[in-house]
Amino acid sequence: MKIATYNVNGINGRLPVLLRWLAEREPDVVCLQELKAPQDKFPHAAIEAAGYQAIWHGQKSWNGVAILSRVGTPVETRRGLPDDPDESQSRYIEAAVNGVLIAGLYLPNGNPRPGPKFDYKMRWFEHLIRHAQDLIDTGIPVVLAGDFNVMPTERDVYKPERWQDDALFAPEVRAAFARLVAQGWTDALRTIHPDETIFTFWDYFRNAYGRDAGLRIDHLLLSPSLAPRLRDARVDRDVRGWEKSSDHAPVWIDLAPDKTRR
DNA sequence: ATGGCAATTAGAAATTGA
């Protein structure tokens with residue numbers, strides 16, 4: 001089973017790119033972030049025509065997350081974090097799909113740091129960490145997938161020295177990510193590619209993609225009960241080079257079938 | 001070092017992103 005996360009940066013503006021990617025790469029489950037569309041402007045007809053069932057948590061102008069599946073109905077288990085610090089921001093959606101609990105998230109950017117936006121990022125992070133522990137404690141196979149807006153280590157930034165004070169890389173942000181992972185989560189992409197420089201985002205400025213001046217901020221974290229099924233993890237890097245593409249590329253994992261299930 | 005681009009809502013310019 002192939003599970004992907006993709007920050008589309010505007011689902012309606014990117015619809016041709018998204019549909020082409022779905023058709024070419026055939027992911028089974030997809031978490032989308034930054035829909036930038038209100039609930040009633042989600043292009044569900046086009047998504048359905050492409051063979052996917054979908055649930056989504058829209059928001060006018062900003063944020064917005066969705067879960068797509070072509071391997072059975074996504075059964076929604078929650079939207080928004082428990083005690084979400086700001087209910088008006090659509091950043092979390094969770095569903096059971098084909099025997100795996102999928103948590104799609106869009107963690108706040110947090111810039112500028114310091115400031116209220118950074119405080120909000122850290123508060124949201126704490127709520128996520130709390131909920132993630134609860135998910136692990138259930139023993140259910142879980143994927144936390146999305147745009148975490150965190151580069152976990154220096155290897156995940158093209159020029160780490162320039163990002164030290166940025167909300168995506170500041171010490172307390174990396175520490176929060178490390179605390180989350182230490183609960184027992186497996187960073188799928190880093191596990192499959194332990195020593196590679198590998199990015200998921202390239203900004204639109206200064207030919208960042210052409211220069212490979214990127215960041216690794218989109219992650220798929222596997223619960224201990226799911227990690228043994230990890231077969232592969234990759235970035236569909238070339239998609240970033242397509243016409244009218246998002247500044248993020250899709251990231252995906254391949255899971256072996258669950259032998260305990262029938 | 002800074003500014004560069006692209007999306008949103010609007011119907012211009014401001015806001016946000018990372």
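Keep in mind that this is a model prediction, so the values were computed, not measured. Letters go in sequence order (proteins before strands), and every chain restarts at 1.
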Rounded interatomic separation in angstrom, taking [atom1] from [X] and [atom2] from [N]:
X	N	atom1	atom2	value
A/Arg240	B/dC5	CZ	P	13 Å
A/Phe205	B/dA7	CZ	P	12 Å
A/Ile217	B/dG17	CD1	P	12 Å
A/Asn63	B/dA7	CG	P	17 Å
A/Arg174	B/dA18	CZ	P	18 Å
A/Asn109	B/dA18	CG	P	5 Å
A/Arg206	B/dA6	CZ	C1'	14 Å
A/Phe201	B/dG17	CZ	P	12 Å

Look at [X] together with [Y] and state whether they make a salt bridge at an N to O cut-off of under 4.0 Å.
X	Y	result
A/Asp187	A/Arg216	yes
A/Asp84	A/Arg78	no
A/Arg113	A/Glu172	yes

**Asked** What distance, rounded to whole Å, do you find between the two P atoms, one in B/dA18 and one in B/dT8?
**Response** 14 Å
**Asked** Has A/His248 got a side-chain N or O lying under 4.0 Å from the OP1 or OP2 atom of B/dA18?
**Response** yes
**Prompt:** Closer than 4.0 Å, any side-chain N/O of A/Tyr120 to the OP1 or OP2 of B/dT16?
**Reply:** no
**Base-contact (B) and sugar-phosphate-only (S) positions in nucleotides 8-14 of chain B, heavy-atom cut-off under 4.0 Å, - elsewhere** = BSS----
Is [X] touching bases, backbone alone, or none of the nucleic acid, heavy atoms closer than 4.0 Å?
X	result
A/Asn7	sugar-phosphate
A/Arg14	sugar-phosphate
A/Lys244	sugar-phosphate
A/Phe169	nothing
A/Lys117	sugar-phosphate
A/Asn149	sugar-phosphate

Run the side-chain donor-acceptor check on residues 96-104 of chain A: report pairs under 3.5 Å with partners two or more places apart or on a different chain.
none

**Nearest to side-chain heavy atoms of A/Arg162, which nucleotide of B/dA7, B/dT2, B/dA18** = B/dT2
**Prompt:** Does any non-hydrogen side-chain atom of A/Leu128 lie less than 4.5 Å from one of A/Leu81?
**Reply:** yes
**Message:** Side-chain heavy atoms under 4.5 Å apart, restricted to Ile/Leu/Val/Met/Phe/Trp/Tyr: what other residues fall into the cluster of A/Phe42, or is it alone?
**Reply:** A/Tyr6, A/Val8, A/Ile11, A/Leu15, A/Val17, A/Leu18, A/Leu19, A/Trp21, A/Leu22, A/Val30, A/Leu32, A/Leu35, A/Ile47, A/Tyr52, A/Trp56, A/Leu68, A/Val239, A/Trp242
